> 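The following block contains the structure, expressed as structure tokens.
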Amino acid sequence: MTEEEKPSNFIRDFIDEELAAGKHSQIVTRFPPEPNGYLHIGHAFAIGVSYGIAQDYKGKFHLRFDDTNPEKEDTEYVDAIKEDLRWLGADWGENLFFASDYFEQLFDWAKGMINEGKAYVDDLTPDEMREYRGTLTEPGKNSPYRDRAPEENLELFEKMAAGEFDEGAKVLRAKIDMAHPNMNMRDPVLYRILKAEHHRTGDKWKIYPSYDFTHGQSDAIEGITHSLCSLEFEYHRPLYNWFIENLPVPHTPRQIEFARLNVEYIITSKRKLLQLVNDNHVDGWDDPRMPTIAGLRRRGYTPEALKEFCERAGVAKRERVNEYALLEYCLRQDLEGKATRRMAVLDPLKVVIENFPEETEWYEGPNHPADEARGKRKVPLTKEIYIERDDFMEDPPRKFFRLGPGREVRLRYACYITCTDVIKDDEGNIVELRATFDPESRGGSTPDGRKVKGTIHWVSATENVEIEARHYEQLFTKTNPNEVEEGQTFIDNLNPDSKNVLKVYGEPELANATAGEPFQFERKGYYILDTESEDGKLVFNRSVGLRDSWGKKQQKK
RNA sequence: AGCCUGAUGGUGUAAUGGUAGCACAACUGGUUUUGGUCCAGUCAGUCGGGGUUCGAAUCCCUGUCGGGCUGCCA
């Protein structure tokens, strides 16, 4: 690790101190997803923090599924999460674990706590428990069942485990302090009765440990040195430590919290993402508008761009919201070097080059302007072509460098054309342009060395491939989708125009596009073949548009 | 209200008692067969008040503002 590459942060500083004090022989971190949804960009950040630290300190990285709530969890999610993790480049090697692997051990520890008088079976209903817990300002009061004898507790707990009670009838609680200022310490629930089918243990268990009773102990069992999690668990840390201190665990992990990653226009609540999918506001978890890893991948984001974004966002202790522009910058930055260049016309305007021969002429364009090794492709030019509608103006302002009546521009990679006539329909709409080309300009320059201000992209009107291009806007209209008027929900902030489908003409070479290969449609944006493409039907997703300082300038006027 | 926690340009993040730096955004200009990329530059910041100190973004006190916490979710 070098300082230049990895800026330090408070977690790394802390680890450095511990290492200097000889506290660890090896750093071990973990990523603990609950398999109840798909991974999203916020998870990519969390993974980057834990995996990055494990890598940089030459330590180990565990993947542990936190599967203590069978009602919400499923193997479908386990598989999807693994795939996303691999794609992101996080390698857990042999270290794949499940919290459910520790159910037996956790059960033994619970019984141990009962024997020591540190846990008891409570018959209070959920409502009663809430009442007894007190409030933020007032202490709670002891449950009438709090002082049951260990023998009775043990018997009851065994019966709970044997399925002799209904769901919700009883819970096992730690006996800590009902007046504790930290609500988490007011006799937290250790086990609850749940008769759902667990994705790994089936119907073996009728009771399941709570997150608090599972997480730290799992860390301890695995020898995790630094259990990195988000800020919301700060308040749970005293409890995390309490279990580590009160149970005969083999190791003492340390929980350190950091702020989640938030991005403008993006929601990262699993519950809300699930709602978008279930209510068909989007086309599934991998909809290119979704902030899920699957969605971003389909949209054309690369692991490198995501990683760069996470690193630039940094690790902090306060809630923050990153600008969407940074995310786009990171993608463009990565794609600029990777994307194969092609030409496609998104909003066609036909141009007839009147003095152009009837035969097709073939020109060559580099696959990448800065990398000759990537070769060239041939592009056919014919008498009739399409250009971009906004590359022509009948009455252009002074700073407009593109085509206009009497103006000359360069067709990229090909030749110069001059607009000679504008053809309109009855309503005055421009439907076609007439032009002439300079035979001397073949190749893109002329012997007289005259300059043309503009170079525009084009596609033959007769030798092209028709493709469907999908353009996406923000899924939400507000930078903070959760900001709503009284009585509304985030659903009301959905952008009705977040998906636009265009019929586009592309140069013939585009027919050979392969899945996962990034393209730049020159002067327009970065695109990638969509998973819905089939033989004869090419569908491209726009990953992100090119920066457009001209368009931006125009919008301001 | 109680407890926990935080506050540096528009945004994000460094500086750990010694010149407030970097990136994105915005804006200029240069290069360019992409109004892209690249290059150069400009704009702009320590929440308020007190204190300690030769010296404070940093330490102390205090105020203000923000986030989190009252699931048998994680």
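Order of the sequence lines sets the chain letters (A, B, ...), proteins ahead of strands, with each chain counted from 1. Just so you know, these numbers come straight off a predicted model, no measurement behind them.
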> Please state whether the base of B:U34 and the side chain of A:Gln520 form at least one donor-acceptor pair under 3.5 Å?
yes
> Mind checking A:Phe401 for me? I need base, sugar-phosphate or nothing, with any heavy atom below 4.0 Å counting as a touch.
base
> How many whole angstroms separate atom OH of A:Tyr235 from atom C1' of B:C73?
18 Å
> Quick one: is B:C73 close enough that its OP1 or OP2 comes under 4.0 Å of any side-chain N or O from A:Arg192?
yes
> Does A:Tyr527 have its ring centroid less than 6.0 Å away from the ring centroid of A:Phe521?
yes
> Once you apply a heavy-atom cut-off of 4.0 Å, does A:Glu34 come out as touching a base, just sugar-phosphate, or nothing?
sugar-phosphate
> Using a heavy-atom cut-off of 4.0 Å across all strands, would you classify A:Val452 as base, sugar-phosphate, or nothing?
nothing
> May I have the distance from A:Glu388 (atom CD) to B:U34 (atom P), rounded to whole angstrom?
16 Å
> Tell me the interatomic distance from A:Leu190, atom CG, to B:A74, atom P, rounded to whole angstroms.
12 Å
> Figure out the CG/C1' separation between A:Asp166 and B:C72, and round it to whole Å.
14 Å
> Give the rounded distance in Å between these two atoms: CZ of A:Arg237 and P of B:U5.
8 Å
> In whole angstrom, what separates A:Arg64's CZ from B:A74's C1'?
12 Å
> Hey, are the side chains of A:Ile456 and A:Glu388 touching, using non-hydrogen atoms and a 4.5 Å cut-off?
no
> side-chain hydrogen bond (donor to acceptor under 3.5 Å, both in side chains) with A:Asn367: which of A:Arg341, A:Lys376, A:Arg342, A:Arg374?
A:Arg342
> Do A:His199 and A:Tyr77 make the cut of ring centroids closer than 6.0 angstrom?
no
> Centre-to-centre under 6.0 Å for A:Trp109 and A:Phe243, is that the case here?
no
> Considering only the C1' atoms, how many Å lie between B:A26 and B:G45, rounded to the nearest integer?
16 Å
> Counting the atoms with a prime plus P, OP1 and OP2 as sugar-phosphate, which does A:Glu232 contact under 4.0 Å by heavy atoms, base, sugar-phosphate, or nothing?
base
> Measure from the side chain of A:Gln333, starting at C-beta and using heavy atoms only, and say which of B:U70, B:C38, B:G35 lies closest.
B:C38
> Within the pair A:Arg173 and B:G71, is there a side-chain N or O less than 4.0 Å away from OP1 or OP2?
no
> Suppose we call a contact any N or O donor and acceptor under 3.5 Å apart; does that hold for the side chain of A:Arg341 and the base of B:U34?
yes
> Is the Lys NZ or Arg CZ of A:Arg200 less than 6.0 Å from the centre of A:Phe98's six-membered ring, within 45° of the axis?
yes
> With a 6.0 Å cut-off on the ring centroids, do A:Phe309 and A:Tyr301 count as close?
no
> Are the aromatic rings of A:Phe213 and A:Tyr191 close, with centres under 6.0 Å apart?
yes
> Side chain of A:Leu136, heavy atoms from C-beta onward: which of B:A74, B:C73, B:G2 has the nearest atom to it?
B:G2
> So what does A:His180 touch, heavy atoms closer than 4.0 Å: a base, only the sugar-phosphate, or nothing?
nothing
> To the nearest Å, give me how far apart CG (A:Leu411) and P (B:U34) are.
14 Å
> B:G68: syn or anti, with syn meaning chi within 90° of zero?
anti
> Would you call A:Tyr211 stacked on B:A74, i.e. ring centres under 5.5 Å apart with the planes less than 30° off parallel?
no
> With a 4.0 Å cutoff (strictly under), does any side-chain N or O of A:Arg332 reach OP1 or OP2 of B:U37?
no
> Within less than 4.0 Å of OP1 or OP2 of B:G67, is there a side-chain N or O belonging to A:Lys317?
no
> Describe the nucleic acid contact of A:Tyr208 in one word from base, sugar-phosphate, nothing, applying a heavy-atom distance below 4.0 Å.
nothing
> Reckon A:Asn182 touches a base, only the sugar-phosphate, or nothing at all at heavy-atom distances under 4.0 Å?
nothing
> Please determine, by modelled atom types, if A:Glu522 and A:Gln520 share a side-chain donor-acceptor pair under 3.5 angstrom.
no
> So what does A:Leu239 hit on the nucleic acid, given a heavy-atom distance under 4.0 Å: a base, only sugar-phosphate, or nothing?
nothing
> Go through B:U34, B:A25, B:G36 for me and flag the one nearest to the A:Arg412 side chain.
B:U34
> Between A:Arg450 and A:Glu408, does any side-chain N to carboxylate O distance fall below 4.0 Å?
yes
> Base, sugar-phosphate alone, or nothing: which one does A:Val189 contact when heavy atoms must sit under 4.0 Å apart?
sugar-phosphate
> Does A:Thr137 put a side-chain nitrogen or oxygen below 4.0 Å from OP1 or OP2 of B:C3?
no
> Starting at the 5' end of RNA chain B, write a dot or bracket for each base, bracketing those in Watson-Crick or G-U wobble pairs whose two distances are under 3.5 Å and using | for partners on another strand.
.((((((..((((....[..)))).(((((.......)))))....(((((..]....))))))))))).....
> Are A:Tyr240 and A:His236, when compared by the centres of their aromatic rings, separated by less than 6.0 Å?
no
> Taking only side-chain nitrogens and oxygens of A:Arg547, does any of them come within less than 4.0 Å of OP1 or OP2 of B:G35?
no
> Looking only at N and O atoms, is any donor in the side chain of A:Arg523 or the base of B:G35 less than 3.5 Å from an acceptor on the other one?
no
> Under 4.0 Å between any heavy atoms, over every strand shown, what does A:Asp212 touch: base, sugar-phosphate, or nothing? Just pick one.
nothing
> So which nucleotide from B:G36, B:A25, B:C69 ends up closest to the side chain of A:Ala325?
B:A25
> Send over the distance from A:Met129 CE to B:U70 P, rounded to a whole Å.
13 Å
> Is the shortest side-chain N/O distance from A:Thr68 to OP1 or OP2 of B:A74 below 4.0 Å?
yes
> Regarding A:Glu319, tell me which of base, sugar-phosphate or nothing describes its non-hydrogen contacts under 4.0 Å with the strands shown.
sugar-phosphate
> B:G71, OP1 or OP2 - any side-chain N/O from A:Arg133 closer than 4.0 Å?
yes
> Would one find a side-chain N or O of A:Arg320 under 4.0 angstrom from OP1 or OP2 of B:U13?
yes
